[in-house]
Amino acid sequence: MTERALPRHVAIIMDGNGRWAKQHKLQVALGHRKGVEALRSIIRESSDLGIEALSLYAFSTENWKREKTEVEALMALLLEFFSSEIDELHENNVCIRILGDKAGLPPKQREAVERAEIRTQANTGLKLNIAINYGGRAELAMAAREMAEMALRGEISPDDIDEEMLSRHLYTRGLPDVDLLIRTSGEMRLSNFLLYQCAYAEFDFPSVLWPDFDLEAYHQALDAFRRRDRRFGGRNK
Ligand code: IPE
Ligand code: IPE
Ligand code: MG
């Protein structure tokens with residue numbers, strides 16, 4: 001079978017930290033901490049491989065439902081990640097973008113992510129998108145609201161609204177569609193991640209828990225992707 005190119009845009013639902021902690025008889029926060037370690041190597045590898053965009057689901061709009069202590073632990077890890085990683089990411093020419101509603105984050109976290117975005121905005125390497133307080137439906141509702149407001153102001157007519165304009169109102173504006181969506185831990189659902197952007201994504205659901213997702217597992221997913229026959233509704237010769 002012909003080997004195709006690497007995906008331009010990889011999205012990952014990093015799932016299984018809680019089960020990993022349970023398996024190791026540790027507190028859930030330690031599962032999340034271990035998850036951050038996995039994340040570091042996947043980011044570095046994506047950058048080394050020359051993948052254009054990597055979108056990571058770190059915290060969903062639904063994750064606020066969890067115990068206060070877990071939410072606090074996740075928010076603390078987020079701050080830690082941004083302060084410990086930002087120098088290296090910047091040196092590696094990584095451009096960081098937050099997907100999600102930053103206004104809904106605690107002030108310190110909001111400030112840290114905004115600082116990271118501003119500092120790395122001119123970088124031309126890996127486009128690293130971190131989804132925090134992100135929900136695909138909320139994103140689509142936001143885009144609809146923005147376009148409705150523009151129409152009310154007379155800046156556009158409803159007829160101008162097409163897929164291309166809608167894309168420009170999403171957090172992912174300017175990025176290619178997701179080519180490969182990986183969700184670890186064996187769960188096979190999107191959980192409100194990049195609903196619009198995954199329209200033609202290839203899906204991969206490795207059973208490994210996120211903290212155990214290593215470079216070998218990542219390469220397996222990338223290799224499997226390269227063997228997929230993508231047709232986009234047409235026919236391949
Ligand atoms: C994913 O791991 C990380 C976040 C949602 C932040 P989980 O915490 O969902 O892990 P499981 O699904 O309970 O194992
Ligand atoms: C999705 O995982 C969100 C993240 C990985 C950040 P969840 O563990 O929250 O999703 P459900 O609840 O199993 O659908
Ligand atoms: Mg989960």
Side-chain angles (χ1 to χ4, degrees), residues 9-43 46 53-85 96-106 108-110 112-113 116 128-142 170-172 178 180-198 201 203-214 217-218 221:
H9 188 172
V10 178
I12 308 183
I13 302 178
M14 309 182 288
D15 199 12
N17 296 349
R19 277 161 283 170
W20 186 92
K22 207 167 188 179
Q23 259 181 17
H24 292 78
K25 300 196 166 47
L26 295 168
Q27 285 182 344
V28 66
L30 288 168
H32 292 311
R33 181 169 288 280
K34 191 75 185 165
V36 175
E37 284 175 29
L39 174 104
R40 273 199 202 101
S41 62
I42 298 303
I43 295 173
S46 304
L54 175 67
S55 296
L56 301 169
Y57 207 5
F59 194 89
S60 74
T61 47
E62 287 72 32
N63 287 146
W64 298 108
K65 289 181 202 162
R66 296 190 181 193
E67 296 269 349
K68 191 164 168 265
T69 49
E70 185 178 355
V71 171
E72 280 171 0
L74 281 164
M75 289 298 142
L77 266 179
L78 187 74
L79 266 192
E80 210 180 299
F81 175 82
F82 276 92
S83 65
S84 66
E85 301 305 305
I96 296 172
R97 186 193 299 197
I98 303 304
L99 313 180
D101 182 12
K102 286 178 283 199
L105 292 175
K108 271 193 198 156
Q109 279 71 11
R110 180 178 181 173
V113 298
L128 175 62
N129 310 305
I130 306 185
I132 308 169
N133 194 22
Y134 174 87
R137 288 180 171 182
E139 178 181 39
L140 289 166
M142 170 196 72
L170 301 176
Y171 295 120
T172 49
V178 174
L180 171 62
L181 180 285
I182 302 170
R183 181 175 189 149
T184 55
S185 86
E187 307 291 358
M188 298 184 195
R189 54 177 173 269
L190 275 177
S191 299
N192 207 9
F193 193 41
L194 301 176
L195 300 179
Y196 185 84
Q197 298 85 341
C198 281
F203 288 70
D204 198 331
F205 300 109
S207 55
V208 55
L209 303 174
W210 175 253
D212 293 326
F213 190 77
D214 56 12
Y218 191 30

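Atoms within a ligand are numbered from 1 in the order they appear, just like the ligands themselves.
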Quiz item: Considering all heavy atoms of both residues, which atom of F82 and which atom of I130 are nearest to each other, and what is their separation?
Solution: CZ-CD1, 3.9 Å
Practice problem: Determine whether any heavy atom of A58 lies closer than 4.0 Å to an atom of ligand 1. | Solution: yes
Exercise. Give a yes or no on this: more than 12 heavy atoms of other residues, nucleotides or ligands lie within 6.0 Å of atom CD of Q27.
Key: no
Quiz item: Which of the atoms of ligand 1 are close to R19, meaning less than 4.0 Å from one of its heavy atoms?
Solution: 11 (P), 12 (O), 14 (O)
Self-check item: Per-atom contacts of ligand 2 with F59, taking only distances under 4.0 Å to non-hydrogen atoms
Solution: 6 (C)
Practice problem: Take every heavy atom of S185, measure it against each atom of ligand 1, and state whether any distance is under 4.0 Å. | Solution: no
Quiz prompt | V28 and ligand 1 - part of the residue with a heavy-atom distance under 4.0 Å | solution = neither
Self-check item: Numbered atoms of ligand 2 (with element) below 4.0 Å of R189, judged on heavy atoms
Solution: 11 (P), 13 (O), 14 (O)
Quiz item: Counting backbone and side chain alike, does D15 bring an N/O/S atom below 2.8 Å of the Mg ion (ligand 3)?
Solution: yes
Quiz item: Which residue owns the protein heavy atom closest to atom 9 (O) of ligand 2, what's the atom, and how far is it?
Solution: N63 ND2, 2.9 Å
Quiz item: So which bit of R66 gets within less than 4.0 Å of ligand 1, heavy atoms only: side chain, backbone, both or neither?
Solution: side chain
Quiz prompt | Under-4.0 Å heavy-atom contact with ligand 1, by part of M14 that carries it | solution = backbone
Practice problem: Could you tell me whether atom 12 (O) of ligand 2 has at least one protein heavy atom nearer than 4.0 Å? | Solution: no
Quiz item: Hey, is H32 one of the residues with a heavy atom under 4.0 angstrom from ligand 1?
Solution: yes
